[in-house]
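So the structure is just underneath, and the comments pick up after that.
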Amino acid sequence: MAGHFRNQPPTGSQAFGKFPQFSGIMKPSRFEGEVQNLEVEGIIPDGINGTFYRVMPDPQMVPFIDNDPWFNGDGNISAFRIQNGRCHFKQRYVRTEKFVRERQAQRALLGKYRNKYTDLVEFQVRSTANTNIFYFNGRLLACKEDSPAYAMDPVTLETIGIEDFGGQMPSLTFTAHPKLDPVTNELHCFGYEAKGDGTPDVCYWTVSPDGKVGNISWVVAPAVAMIHDFAVTDNWVLFPLNCLTCDVDRLKTGGEHWQWTPEIPFYLGVMPRHGGNNSNVKWFRGPTAFPGHTANAHETADGKIVFDLPMAKENVFVWWPDKEGNAPDPKSGACRTDLSRYTIDPRSDDLELPTAVILGPDDCEFPRIDDRVSSKKHSTVFYIVMDPALGTDYQAIAHLLGGFAPYNGIGKLDLNTGALVKYSPGRTHIVQEPVFIPRSKDAAEGDGYIMALVNNLSAMVSELHIVDTRDFTQAQAIIYLPMNLRIGLHGNWVDSQDLGLSND
């Protein structure tokens, strides 16, 4: 019964355990507040006026689950408001049901990651809202893919409440990676495990600029597997299934939501964008793999689909091993991800995936494009890289990495020429997901600025680096925070005009 303890609540510690995910740069931040006029080295370009939003899993309470994964922290939203060459910082937790009830109880109540059977109380919406923060129709959407998003005010960061699009949301779950169509301004959405934990159902739908939900399509996936990201083209929707799978019986015995399952192939679902269903979705198959975040997908003149994303041959999420408890050693290079391109004929009856073409030389992740060409042909991809040749002093910072595999630079890859340039933030610095900011509304694709949060391990503080895409070798400006923000997941840039704010 909601509000009543299922089990005897633990007395618990008020200190985070000596685990890597709570140490070094992964030490929880737990800060809410504002810092005006952050220190700036260099000059913030005049054309940058808006807000960079990002979210990190940041537990407000010490978990009662031993060795809890860092993915289970509360969503804490950072907002960097940039205007007239100045930057103001604000940070605030999403007031999820979990957050509010734990603050009232003054202790952790939520159990294991995505396992409701380990909770101390029942939650109506079991969300941490900690994976992405996305702007749509005047609201921020704090997303966690096992539940509906939470809506927030983009200026104050106050939580408005659960976002179900006026009661129209057809799925129990909402992706952490919705896609905004740059032509129609429709929001493309989906949910997996869409009818509840352990269900194979996938639901796709759109939200129009005036808030109407439409184009609802339901399909059944060939496995109850993670679908963290997806892609949309003019005529198709693509669902890459990770080889991490869920089993309800395992959950009921207190086990993990995800288990690496090398027995199944890598499935890539290709469904018509309009009128998709079980009769017209195709599940292409490839060798067991770990698909990363989508860069983009588009269609060619002859009707084929080109799909770019990082791919790994092994389980990148090593904290969720296979049924025998096996997981690769991240230090061995087994978890390497390569930016890969699949070219697929969606009308083919041959469901074996063609071999992917490797697009770049780097171990990379978190690819971003110029969002103005989303679902269209793209020529430039930005991503974070793990490149020892950049000169990072790993010996000096190893003890501060919190068990995290560090990305130490940002790559800019020209897909037309193959030209690759990299930005290195410093010998004791690691990089989080970048975002792209166009130089102007009518600037050419990829002409603008890259912005990324950087952890400076020598000083244990965070920095916001701005790099001009025309000169990718050095920072145009570095914005200094007086604190360290732990590793986050995703974020987005929103221009002041889109927020309805003045640039004056």
Side-chain angles (χ1 to χ4, degrees), residues 177 179 223 225-233 236-244 260-262 264-270 282-300 304-318 328 330 332-346 348 350-370 373-387 405 407 409-422 433-434 436 446 490:
H177 288 284
K179 311 294 182 187
M226 178 188 289
I227 314 176
H228 179 62
D229 203 350
F230 78 132
V232 180
T233 70
W236 303 96
V237 182
L238 285 75
F239 300 115
L241 271 66
N242 204 306
C243 293
L244 289 161
W260 181 249
T261 311
I264 68 170
F266 163 52
Y267 288 105
L268 178 59
V270 179
K282 292 184 177 180
W283 297 99
F284 291 86
R285 298 180 298 267
T288 299
F290 190 108
H293 293 95
T294 295
N296 192 35
H298 69 271
E299 296 171 37
T300 62
K304 292 182 179 177
I305 300 171
V306 175
F307 185 28
D308 295 351
L309 76 167
M311 294 289 294
K313 295 179 181 179
E314 298 286 347
N315 177 20
V316 174
F317 291 165
V318 297
S332 69
C335 299
R336 175 189 172 94
T337 55
D338 293 291
L339 186 62
S340 306
R341 169 167 290 184
Y342 290 95
T343 302
I344 308 156
D345 183 352
S348 173
D350 182 1
L351 298 184
E352 291 300 314
L353 269 176
T355 302
V357 175
I358 306 302
L359 298 177
D362 294 304
D363 184 351
C364 66
E365 242 297 352
F366 294 96
R368 300 299 292 253
I369 64 163
D370 184 333
V373 297
S374 179
S375 78
K376 310 298 182 185
K377 184 178 181 180
H378 57 286
S379 62
T380 306
V381 179
F382 305 95
Y383 47 69
I384 56 177
V385 301
M386 195 179 299
D387 183 359
Y407 290 92
I410 304 173
K412 174 194 172 188
L413 178 63
D414 186 323
L415 296 174
N416 292 329
T417 66
L420 172 64
V421 290
K422 299 176 188 176
E433 181 191 46
F436 173 77
H490 300 290

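Using a 4.0 Å cut-off between a side-chain N of Lys or Arg and a carboxylate O of Asp or Glu, Glu299 and Lys304 do not qualify as a salt bridge.
Distance check: Thr233 OG1 to Lys376 NZ gives 8.5 Å after rounding to the nearest 0.5 Å. In this structure, the separation between CZ on Phe307 and CG on Leu353 is 10.0 Å, given to the nearest 0.5 Å. The CD1 atom of Ile410 sits 10.5 Å away from the CD atom of Glu433 when rounded to the nearest 0.5 Å. In this structure, the separation between OH on Tyr407 and CZ on Phe366 is 7.0 Å, given to the nearest 0.5 Å. One distance of note links NE2 of His490 with NE2 of His177; it measures 3.0 Å at 0.5 Å rounding. Taking OG1 of Thr261 as the start and CG of Asn242 as the end, the distance is 9.5 Å to the nearest 0.5 Å.
In this structure, Lys313 places its NZ atom where only 12 or fewer heavy-atom neighbours from other residues, nucleotides or ligands lie under 6.0 Å away.
Side-chain contact check for Pro346 versus Lys282: every heavy-atom pair is 4.5 Å or farther apart. Contact of the Asn315 side chain with the Pro328 side chain is registered, since non-hydrogen atoms from C-beta on lie closer than 4.5 Å. Residues Tyr383 and Glu365 are not in side-chain contact: their nearest non-hydrogen atoms beyond the backbone lie 4.5 Å or more apart. A heavy-atom distance below 4.5 Å is not found between the side chains of Leu238 and Phe230. In this structure the side chain of His378 never reaches within 4.5 angstrom of the side chain of Asp370, judged on heavy atoms. Two residues are said to be in side-chain contact when any heavy atoms from C-beta on lie closer than 4.5 Å; Asn296 and Asp308 fail this criterion. Counting heavy atoms from C-beta on, the side chains of Pro434 and Ile384 come closer than 4.5 Å. Annotation: side chain of Asp387 is in contact with side chain of Asp362 (closest heavy-atom distance under 4.5 Å).
Looking at every heavy atom in both residues, Asp229 comes nearest to Pro240 through O-CD, 3.3 Å. A pairwise comparison of heavy atoms in Leu241 and Ala223 identifies CD2-O, 3.8 Å as the closest pair. Between Arg336 and Ala312, the shortest heavy-atom contact is O-CB, 3.3 Å.
With sequence neighbours excluded, the residues satisfying ring pair (Phe, Tyr, Trp, His ring centres under 6.0 Å) with Phe382 are Phe436. For Ser375, the side chain to side chain contact (heavy atoms under 4.5 Å, CB included) partners two or more places apart in sequence, or in a different chain, are Asp234. Residues meeting the side chain to side chain donor-acceptor pair (under 3.5 Å) test with Thr288, sequence neighbours left out: none.
Side chain of Asp414 to backbone of Thr380: no donor-acceptor contact under 3.5 angstrom is found. At distances below 3.5 Å, not a single donor-acceptor pair connects side-chain atoms of Asp363 with backbone N or O atoms of Met386.
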*asked:* Before you tell me yes or no, could you show the steps for Arg285 and Glu352 under side-chain contact (heavy atoms from CB on, under 4.5 Å), namely the whole-Å CA-CA distance, both residues' side-chain angles and the distance that decides it to 0.1 Å?
replied: CA-CA 5 Å; Arg285 298 180 298 267; Glu352 291 300 314; 3.2 Å; yes
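Aromatic rings of Phe317 and Phe290 (six-membered ring for Trp) have centroids within the 6.0 Å cut-off, being under it.
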